Each structure stands twice: as C-alpha cells, then as structure tokens.
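Note sheet for the following structure.
First listed ligand is number 1; within each ligand, the first listed atom is number 1. Note that the structure is a prediction, hence the values are computed from the model and not measured.
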Amino acid sequence: MSKRLVVGNWKLNGSLAANEALLGAIGPVAGVEVVVCVPFPYLAQAANAVATCSAHEAAAGIRLGAQSVSEYAAGAYTGEVSVAMLAEFGCRYVIVGHSERRALFGEDDATVGRKVQAVLQAGLTPIVCVGEALVEREAGQVMAVIGRQLDAVLALTGAEGLGRAVIAYEPVWAIGSGRAASTGEVGEVHAGIRRWLAAHGVPAGQRLLYGGSVKVDNAAALFALPDVDGGLIGGAALVAKDFVAICRAAVANGG
Ligand code: 13P
C-alpha cells in the first residue's frame, strides 16, 4: 500500500503571523505524507517553512500544495496563476475541482478536466475532488454524480493520467458542516470509486482520500476503512494540534 496522505486545505484563511505559528507547530509526521495547501500569496512563506522543517527531519518533510490553478499556461488571463508558477514555489500537489470552486466559481466538469490535465502535464499531482450534494444523495445518484465528474477528467487524461491523480471524495453536505459521512457511507462510496476506476482501466493502487468534517475524534475510524488512504482536512487543518493528531491517526492506521 502506498504511504498515507493527509492534506490540509487552508481555504481562504491565514496571515503571515498565523501561518508562521501554524507551520512552525505542525512539523513532519513519520510514516505519513503531510501536505499543506495554502493561499497563493503565502506559497513563498510556506516554501521557506517547509524547507526549514525538512532540514531537521531527513525522513519525511511537509509538502506544499495549492488550492486551485489556471487551466492556461500563460497569457492574457488576469488574476490567474499557472501550474508552472506553482512548481517554482515547490508545490507538488494541486487541489482541483473542490466543490467550493464548482459551486461558487462556476467550474464545470470540463474545466476541472482541463485543469487536471494541466497539472499532470507539468508533473505535479492533482487532488481531484468529487462528491455529491445532499439532494443528489437523497435521490440515489451518488455514484452517477461521481462517475460523471470522473468521466470528464478521464476523457482528457486517459486512464494512465487519471491513475496519477489523487482522488478526494468530499460529499458537499459534509464539508464544514460538522457532520462527516459515516464510516458506512464512506466505505461504500470509496469501494464504488475503486470499482469505477477498475472498470475504466485505471491502474490499481490510486490513493483515495476522504474529506468533509474530519476531526480528531473521527479520523481514526475513517482512516481505518480499507479503501481510505488518507484525508483532505479543512477547518481542523488550521489548528496545529488537531492537524498533527489527525496525521498521527493516519499513521496508526496502516502508514
Ligand atoms: P472541513 O474539514 O472544514 O469540513 O472541510 C473539508 C474540505 O472542504 C477540505 O477540502
């Protein structure tokens, strides 16, 4: 099994002072790959902090990620940030298709596919977010929605490309709600995603993360599920002791 992966998505939070305290307190956790996805203006600050950590901990440092990226490489696209720019700051991962991007910033499935393709072509790893809204769950459409979201990526990347991505199952209703999906719900959807990937010829062994109200008290149970390889953490990633505890829960469960 590949190493467990725990990703902090800071969303629109942070300040130079707050970041310094947070980054200084989280440090690497042996046996788990820890990633922080910070707002663009703080990439340089975070890159410096991560380099400092790595110098102290030869084993496994914290890795850096971004929360979104442009589908375009360069040109007249005011306000956009390219994947090459992210790479220059040491980003290894880019979250693509987060439900907040889809719902609030008009990113459709095809746009998500093009962004994933741009990230892969630059040699970075996309963290592709998929997941259903509550009405879609209640209508029994969970795998139909996720299949549609994945199909749009697969159409551009092919099976081999999609296989190089990390997939994060984030049910929209669980994000920031304090109501994580149950272990039964997560287990069922992750198994469904694995079946979907296999049926579409995607190489086995892909890392599947769960995200949505992961907290210190539910992380261990979620990470113990056979098809869960780690987590995508929002609010709890802003509290150093909670984030570290969640990372440790991932190690304790098979890292
Ligand atoms: P919360 O952990 O705050 O629910 O956020 C999850 C998320 O959206 C991570 O990308």
Given Gly176, Ser177, Gly235, which one has a non-hydrogen atom that is nearest to atom 4 (O) of ligand 1? Gly176
Kindly write out the residues that satisfy salt bridge (Lys or Arg N to Asp or Glu O under 4.0 Å) with Glu170, not counting sequence neighbours, or none if the list is empty. none
Relative to the heavy atoms of His98, which atoms of ligand 1 are at a distance of less than 4.0 Å? 7 (C), 8 (O), 9 (C), 10 (O)
Start with the C-alpha distance between Asp229 and Arg194, add both sets of side-chain angles, then the distance that settles salt bridge (charged side-chain N to carboxylate O under 4.0 Å, His left out), and finish with yes or no. CA-CA 12 Å; Asp229 303 307; Arg194 286 244 191 262; 2.8 Å; yes
Compute whether any side-chain donor of one residue and acceptor of the other, for Trp10 and Gln67, lie under 3.5 angstrom apart. no
Short N or O distance, Gly234 and ligand 1, threshold 3.5 Å exclusive: yes
I'd like to know if the side chain of Asp109 pairs up with that of Gln149 as donor and acceptor (distance under 3.5 Å, no hydrogens or angles considered). no
Of the protein's non-hydrogen atoms, which lies at the shortest distance from atom 9 (C) of ligand 1, and what is that distance? Glu170 OE2, 2.9 Å
Which residues end up grouped with Val166 if you chain together Ile, Leu, Val, Met, Phe, Trp and Tyr wherever their side-chain heavy atoms are less than 4.5 Å apart? Leu5, Val7, Val35, Tyr93, Ile95, Ile127, Leu209, Leu232
Lys215 near ligand 1, heavy-atom distance under 4.0 Å? no
Please determine if Ser213 has a nitrogen or oxygen closer than 3.5 Å to a nitrogen or oxygen of ligand 1. yes
Parallel, tilted or perpendicular, as decided by the 30° and 60° cut-offs, for the rings of Tyr77 and Tyr72: parallel
Any heavy atom of Gly212 closer to ligand 1 than 4.0 angstrom? yes
May I ask you to list the atoms of ligand 1 that are less than 4.0 angstrom from any heavy atom of Lys11? 5 (O), 6 (C), 7 (C), 8 (O)
Indicate the atoms forming the closest heavy-atom contact of Ala73 with Ser82, along with that distance. O-CB, 3.4 Å
Asn9 neighbourhood, listing ligand 1 atoms whose heavy-atom distance to it stays under 4.0 Å: 9 (C), 10 (O)
Record the part of Leu232 in heavy-atom contact with ligand 1 below 4.0 Å; permitted values are side chain, backbone, both and neither. both
